[in-house]
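Comments concern the structure below.
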Protein chains: 2
Amino acid sequence: MQQVNHVPHQANLDAVFAALADPTRRAILTRLADGEASVGELAEPFRLSQPAVSKHLKVLERAGLIERAVDRQRRPARLKAGPMRDAVHWLEEFSQFWSTSFDQLDDLLEELKRSES
Amino acid sequence: MQQVNHVPHQANLDAVFAALADPTRRAILTRLADGEASVGELAEPFRLSQPAVSKHLKVLERAGLIERAVDRQRRPARLKAGPMRDAVHWLEEFSQFWSTSFDQLDDLLEELKRSES
DNA sequence: CTGTTGCATAACCAGATGGTTATATATAAT
DNA sequence: ATTATATATAACCATCTGGTTATGCAACAG
């Protein structure tokens with residue numbers, strides 16, 4: 001049976017959130033949403049050395065957010081969905097456990113604060 | 001005018017995702033979803049020193065995920081909604097930009113992969 | 001005043017992170 | 001065979017992180 005249930009795997013949540021914590025990596029992901037890209041193509045817009053980009057890609061790969069292909073000398077990266085969804089799920093479950101919806105939370109907390117004081 | 005629009009602020013996204021990348025801190029947040037708690041109350045379930053918990057709380061506070069109150073000697077922490085919502089929004093906008101929904105993404109990527117090869 | 005409780009802060013440490021340059025490797029082009 | 005291109009890897013560095021113990025300080029309790 002193929003893995004279908006995406007129970008947010010605690011260990012990977014660490015890696016996923018850590019990967020998302022860097023603005024360059026988020027930009028890389030956004031770029032990849034537009035289609036696969038090689039290391040060189042990714043390095044160009046950022047003023048970053050090629051090895052730096054390779055490192056970022058390795059972080060994203062370890063987090064499972066991307067996968068690498070092989071195309072001649074190029075090793076293009078493309079997005080993978082699962083882990084990002086795990087992150088969303090954690091946040092959603094958290095918000096659900098916490099309260100009803102994020103959109104009501106600030107108001108709700110304000111209210112609580114007022115009623116306590 | 002009060003801040004109402006929660007445009008995901010890039011700088012804080014760094015701090016928010018970084019804060020969420022630690023399992024202890026996620027556990028602290030989950031605990032706080034149950035109600036405010038003092039440093040001591042938070043330190044007890046984890047086998048962590050009190051200063052370690054204080055440090056985690058400072059990280060969460062810098063990310064804007066919690067706020068501290070003053071109650072006699074205690075300095076209880078409580079959740080704040082905004083930044084977490086920013087994180088959700090980033091992920092949602094990303095998924096939207098990327099494709100239609102996370103639930104369809106893996107299938108979609110699989111399909112793309114197949115049609116390319 | 002004295003002691004205790006709750007927390008913060010400082011000083012320290014090992015290991016991770018994010019960047020660099022230099023070098024190696026593999027594929028392509030000449 | 002040589003050279004050029006695309007990427008990886010190594011070695012190095014400064015800074016950040018997550019933990020510790022030791023200490024300081026403010027707010028009670030006696």
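We name chains A, B, ... by the order of the sequence lines, and we start the count at 1 in each one. Everything numeric here is computed off the predicted structure, so don't read it as measured data.
- Regarding A/E41, its CD atom lies at a distance of 7 Å from the P atom of D/dT7, rounded to whole Å.
- Applying the 4.0 Å criterion to OP1 and OP2 of D/dA26, one finds that B/R74 has every side-chain N and O outside that range.
- Between B/R68 and B/R75, the shortest heavy-atom distance links the atoms NH2-O, 2.7 Å.
- Looking at every heavy atom in both residues, A/A63 comes nearest to A/N12 through O-ND2, 3.7 Å.
- Checked options A/I66, A/V70, A/V39, A/D71; the residue passing with A/P76 is A/D71 (criterion: side chain to side chain contact (heavy atoms under 4.5 Å, CB included)).
- Rounded to whole Å, the distance from CD on B/E36 to P on C/dG6 is 15 Å.
- For the OP1/OP2 pair of D/dT7 and a distance below 4.0 Å, the side-chain nitrogens and oxygens of A/K58 include no atom meeting the criterion.
- Residues satisfying the side chain to side chain donor-acceptor pair (under 3.5 Å) test with A/S54, not counting sequence neighbours, are A/Q50.
- Residue B/S54 has a polar side-chain atom (N or O) positioned under 4.0 Å from OP1 or OP2 of C/dA8.
- Protein atom CZ of A/F17 is 17 Å distant from nucleotide atom P of D/dT17, rounded to whole Å.
- Taking atom CD of residue A/E61 and atom P of nucleotide D/dT9, one finds them 10 Å apart after rounding to whole Å.
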Walk along nucleotides 17-22 of chain C from 5' to 3' and tag each nucleotide B, S or - by protein heavy-atom contact under 4.0 Å, base first, then sugar-phosphate. -BBBBB
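- Comparing the local axis fitted to the first five base pairs of the helix from C/dC1-D/dG30 to C/dT30-D/dA1 with the one fitted to its last five gives a bend of 10°, rounded to 10°.
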Listed pairs under 3.5 Å, donor-acceptor, residues 16-25 of chain B side chains, sequence neighbours left out:
unit_1: B/D22; atom_1: OD1; unit_2: B/T24; atom_2: N; d: 2.8
unit_1: B/D22; atom_1: OD1; unit_2: B/R25; atom_2: N; d: 3.1
unit_1: B/R25; atom_1: NE; unit_2: B/A19; atom_2: O; d: 2.9
unit_1: B/R25; atom_1: NH1; unit_2: B/H56; atom_2: ND1; d: 3.2
unit_1: B/R25; atom_1: NH2; unit_2: B/A18; atom_2: O; d: 3.2

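- Among residues at least two apart or in separate chains, there is no salt bridge (Lys or Arg N to Asp or Glu O under 4.0 Å) pair with a member in residues 43-55 of chain B.
- Taking CZ of A/R74 as the reference point, atom CD of A/E41 lies at 5.0 Å (rounded to 0.5 Å).
- For the pair B/K80 and B/G64, the tightest heavy-atom approach, listed with the atom from each and the gap, is CB-O, 3.4 Å.
- Taken from CG in A/L48 to CD1 in A/I28, the straight-line distance is 7.5 Å, to the nearest 0.5 Å.
- With rounding to whole Å, A/D14 atom CG is found 13 Å from D/dG18 atom C1'.
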Atom pairs, N/O to N/O, protein against nucleotides 28-30 of chain C, distance under 3.5 Å?
unit_1: C/dA28; atom_1: O4'; unit_2: A/Q73; atom_2: NE2; d: 3.4

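- If you chain together hydrophobic residues whose side chains sit under 4.5 Å apart, B/L65 and B/V59 never meet in one group.
- Closest of all the heavy-atom pairs between B/E36 and B/R31 is O-NH2, 4.0 Å.
- Rounded to an integer number of Å, the gap from B/R75 CZ to C/dT9 C1' is 13 Å.
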